[in-house]
Amino acid sequence: LPYAAFEPQLISYQNARDAAQQAFNRIMQGGDIDETLSGVTEEANALQAELMEGVEPPVAEPCAPAKYGPLAGVDPRGQTVVWWHNHSGVREEPLNAMVAAFNDTNECGITVEAAYQGGYDDIRDKVNAGIQTGELPGLVVGYQNDQAFYALADGLADINPYFYDPDWGLTKEQRDDFYQGFLAAGVHPAFGSQRLGFPPNRSMEVLFYNQTWLEELGYSGAPQTPEEFEEMACAAAEANGDGTGGYILRDDASAVAAWTMAFGGNVLSEDGTSYVYDGDATKQALGMLKRMYDNGCAYFFTEGYPNTEFAARRAIFAQGSTSGIAFYRSDLEAAGNTDEWGIAPIPYTTDEPVLNVYGGDVMIPKTTPETQLAAWLFVKWFTEPEQQAEWAHISTYFPTRASTAEFIDMEAMDPQWIAALDLLPYAAFEPQLISYQNARDAAQQAFNEIMQGGDMDAILATLTEEANALQVELMEE
């Protein structure tokens, strides 16, 4: 069956079939092949032209509702989609220009109204209130654990029917163009594997390193393994001799997840429904960081972001999101520091790097079938490679489709950003569980307790137990 082809569907084909049969027999009886086949072709085409003369084939109406499938009869034309987003400052005006371009060019006559609503916390509060009142926008941004909250209140549409729809969805080639880890982050096993979010952009947890300083210490480049990382950090700390110089500890839950991934584990269970903060990988990673802290090779910096310490040569390594690349560059320039620097994967024990890649998704709240389809069509447009490239230039976020790289003006991007782009295929993601915001706070507290000398096994066991208990409690409500 996969090798199937088909015969002509032309109106004249019944007559052509009879003529083809006669031609076959004539040739088998000794007739001239070229002359016979030329004749049957000419006569069949003449008959086709005669039968079609004066017939105007129907023209498909732009954006007409599908006739078949789960979205049959749903008409997105003329819909207005309000989009609650968190993009302010230098991003907001060019984003509005992109939205205006969609409004002016989409053949469905859809109008998207982009509305800045504050940060993620502000949007979360407004969506939760909207679910209660029934007054929701057509599109909203938020993290994966937000999706779980909204889904528990039956406030989100499953994107899968749109994603796979033969008329309105993406082709297999288009689906495969997305980095699969990014797509997977919006699929929730705890909610029947519904696709509750869709990735418009991403950032990545990386190691920032000072290449010039590493070379002064006798190293050729960034560490790949944890052992190399620890050795280099301790060498830099010894060179400074004042308690700085090594690695600036990062106690954020995303850092805990990133180190766990780099050591071959995950803080999310294999079935995606619970936490595993007490696994061997987490213990090995935090054990190394604790040893570095005790030996003066790592230290806490609590007076702001680590960029300034890095720029002042008080740390050879720092860790954080790639969204901070521009800030590292500007702080180095402000400090008059001309050192060569770069970004690298978190040092890893696995065969290939594993990168904690994160970022907000767009979600489609439950409103009307027409508004939901219109919202999806905007999302589909916004995540096309050309628009992805434009948004990457505006936001410095990473695109979520591999082919977007063809449309990006690499000369306009930081070389560190370009280096990180090559790491996107190694993406993994943090838990999407409804309890994750609370679990994040608890993970940060646990990290600090361990660094201050607390019993690691007991602390991580308690963290895992309490986080899972909260997850069960919230899912029962």
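Computed over heavy atoms, backbone and side chain alike; hydrogens, waters and symmetry mates excluded.
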(message) For the backbone of Thr225 and the side chain of Glu230, can you confirm whether one donor and one acceptor N or O come within less than 3.5 Å of each other?
(response) no
(request) Look only at the side chain of Trp391 and the backbone of Phe382, and say whether a donor-acceptor pair between them is shorter than 3.5 Å. (result) no
(request) Would you please indicate yes or no on a ring centroid separation below 6.0 angstrom for Phe198 and Phe178? (result) yes
(message) Side chains of Thr111 and Thr80 only: does a donor on one sit below 3.5 Å from an acceptor on the other?
(response) no
(message) I'd like to know if Arg124 and Asp121 make a salt bridge, using a cut-off of under 4.0 Å between side-chain N and carboxylate O.
(response) yes
(message) For the residue pair Glu430 / Ser254, report whether a side-chain donor-acceptor contact shorter than 3.5 Å exists.
(response) yes
(request) Would you check if the side chain of Thr367 reaches a backbone N or O of Gly138 as a donor-acceptor pair within less than 3.5 Å? (result) no
(request) Can you label the angle between the His87 ring and the Trp83 ring as parallel, tilted or perpendicular, going by 30° and 60°? (result) perpendicular
(request) Verify whether one side chain among Gln117 and Asp122 offers a donor that lies under 3.5 Å from an acceptor in the other. (result) no
(message) Which residue in the set Trp259, Tyr348, Tyr219 passes ring-ring contact (aromatic ring centres under 6.0 Å, His included) when paired with Phe229?
(response) Trp259
(request) Check whether any side-chain N or O of Asp158 sits under 3.5 Å from a backbone N or O of Arg195 as a donor-acceptor pair, and report yes or no. (result) yes
(message) I'd like to know whether OH of Tyr116 has more than 12 heavy-atom contacts from other residues, nucleotides or ligands below 6.0 angstrom.
(response) yes
